[in-house]
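Here the structure is a predicted model, which means the values were calculated and not measured. Residues: numbered from 1 along the sequence shown.
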Amino acid sequence: MGIQLKANQRTDLKQSTSRELRQEGNVPAVVYGKDKEPITVSVNSIELLKTVRDEGRNAIISLDVEGNKTVDVMLHEYQIDPLKDELIHADFYIVDMAQEMDVEVPVRLDGEAIGSKEGGVLQQPLYHLQVRAKPNNIPEEITVDVSELQVGDSIMVSDLKQGRNYEILDDENQTIVSVTPPEEMPEEPETDDAEAEPELVGADNESEESEEENDKE
């Protein structure tokens with residue numbers, strides 16, 4: 001079941017009206033989809049951010065537009081003012097619950113690799129995976145257990161293909177995570193005593209001059 005979120009339809013699209021909405025704690029937004037007429041709305045910014053934080057970017061949201069109609073949407077993207085750190089606009093995409101769609105899903109590593117405990121370096125080249133699934137089958141995240149990885153081991157996309165109700169679109173030969181050997185420190189070259197303590201230039205000459213002066217006296 002999708003998360004409920006209330007929306008108010010907007011007819012006045014002036015910038016001054018949008019500023020007033022933000023001052024009241026709301027954010028202007030657009031709802032659109034394939035073969036659908038775009039709808040301009042506003043939603044409570046705190047409720048929207050809480051939904052994204054708790055349910056993830058790929059959550060299905062039942063958007064209740066002023067109690068007149070409810071549409072199933074996903075948050076496509078949102079904009080934040082970098083100076084004020086405030087949500088200033090959002091785009092919702094209308095989804096067909098019976099139709100597959102392509103989305104990006106974050107990868108979360110679980111556990112501590114055996115190889116890491118032995119000094120190996122855990123590396124994660126892929127932080128997101130491209131997934132194709134029906135909306136209700138889209139995972140919030142894909143968890144990868146790394147606890148059994150030893151130095152030299154890796155987990156590929158092909159290792160995640162089985163037993164899932166969604167399709168991973170990335171190249172199956174791509175590495176998601178690996179444990180590489182620890183970097184070896186280069187050995188410092190050995191130096192003999194002569195190199196360690198270089199002879200002072202002119203030391204012998206100074207000694208001979210001192211002896212000559214003593215003989216004259």
Does [X] have any side chain to side chain contact (heavy atoms under 4.5 Å, CB included) partners at least two apart in sequence or in another chain, and if so, which?
X	result
I114	E118, E148, Q150
T11	none
N44	N26, I46, E47

State the [atom1]-[atom2] distance between [X] and [Y], to the nearest 0.5 angstrom.
X	Y	atom1	atom2	value
I142	L160	CD1	CG	7.0 Å
H128	E141	NE2	CD	10.5 Å
L63	D72	CG	CG	9.5 Å
L109	Q124	CG	CD	4.0 Å
L21	S45	CG	OG	10.5 Å
Q123	S178	CD	OG	5.0 Å

Over all heavy atoms of both residues, which pair between [X] and [Y] is shortest? Give the atoms and the distance, please.
X	Y	value
G111	S147	CA-CB, 4.5 Å
V157	D170	CG1-O, 3.8 Å
S116	L122	OG-CB, 3.7 Å
A7	V43	CB-CG1, 3.7 Å
I176	V107	CG2-CG1, 4.1 Å
M156	N173	CE-O, 2.7 Å

With heavy-atom distances below 4.5 Å as the criterion, would you say the side chains of [X] and [Y] are in contact?
X	Y	value
V41	N8	no
Y78	R57	yes
P139	Y166	yes
P28	S42	no
P135	M101	yes

Criterion side-chain contact (heavy atoms from CB on, under 4.5 Å) on V177 and L149, from CA distance to verdict: CA-CA 9 Å; V177 60; L149 290 183; 4.1 Å; yes

side-chain contact (heavy atoms from CB on, under 4.5 Å) between K134 and M97, intermediate numbers included: CA-CA 6 Å; K134 292 182 179 179; M97 301 303 289; over 6 Å; no

Is it the case that the side chain of [X] and the backbone of [Y] share a donor-acceptor pair, with hydrogens and angles ignored and the cut-off at 3.5 Å?
X	Y	value
T180	V121	yes
E66	Q9	yes
N58	E104	yes

Residues forming a salt bridge (charged side-chain N to carboxylate O under 4.0 Å, His left out) with D35, sequence neighbours excluded: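 Partners of D35 under the salt bridge (charged side-chain N to carboxylate O under 4.0 Å, His left out) test: none.
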
Salt-bridge contact D64-K6 (side-chain N to carboxylate O under 4.0 Å):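 Salt bridge between D64 and K6, a charged N being under 4.0 Å from a carboxylate O: no.
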
R132 with E100: basic N within carboxylate O range, under 4.0 Å: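 E100 and R132: not salt-bridged.
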
Qualifying residues under side chain to side chain donor-acceptor pair (under 3.5 Å), relative to T40, sequence neighbours excluded: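 By the side chain to side chain donor-acceptor pair (under 3.5 Å) rule, T40 matches no residue at all.
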
Stepwise side-chain contact (heavy atoms from CB on, under 4.5 Å) test for M74 and V103: CA-CA 10 Å; M74 290 180 65; V103 295; 4.0 Å; yes

Side-chain donor-acceptor pair present, T143, D110, cut-off under 3.5 Å: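 Checked: T143/D110 side chains show no N/O donor-acceptor pair below 3.5 Å.
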
Qualifying residue for side chain to side chain contact (heavy atoms under 4.5 Å, CB included) with L83, from D85, D81, I80: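 Going through D85, D81, I80 one by one, the side chain to side chain contact (heavy atoms under 4.5 Å, CB included) with L83 is satisfied by D81 alone.
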
Greater than 12 external heavy atoms within 6.0 Å of E37's CD: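 Atom CD in E37 is not packed in, count stays at 12 or less.
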
Residues 87-95, side-chain donor-acceptor partners within the protein, below 3.5 Å, at least two apart:
| from | atom 1 | to | atom 2 | distance (Å) |
| --- | --- | --- | --- | --- |
| H89 | ND1 | D91 | OD1 | 3.4 |

Test side-chain contact (heavy atoms from CB on, under 4.5 Å) applied to V27 and R22, step by step: CA-CA 5 Å; V27 57; R22 297 186 188 102; 5.5 Å; no

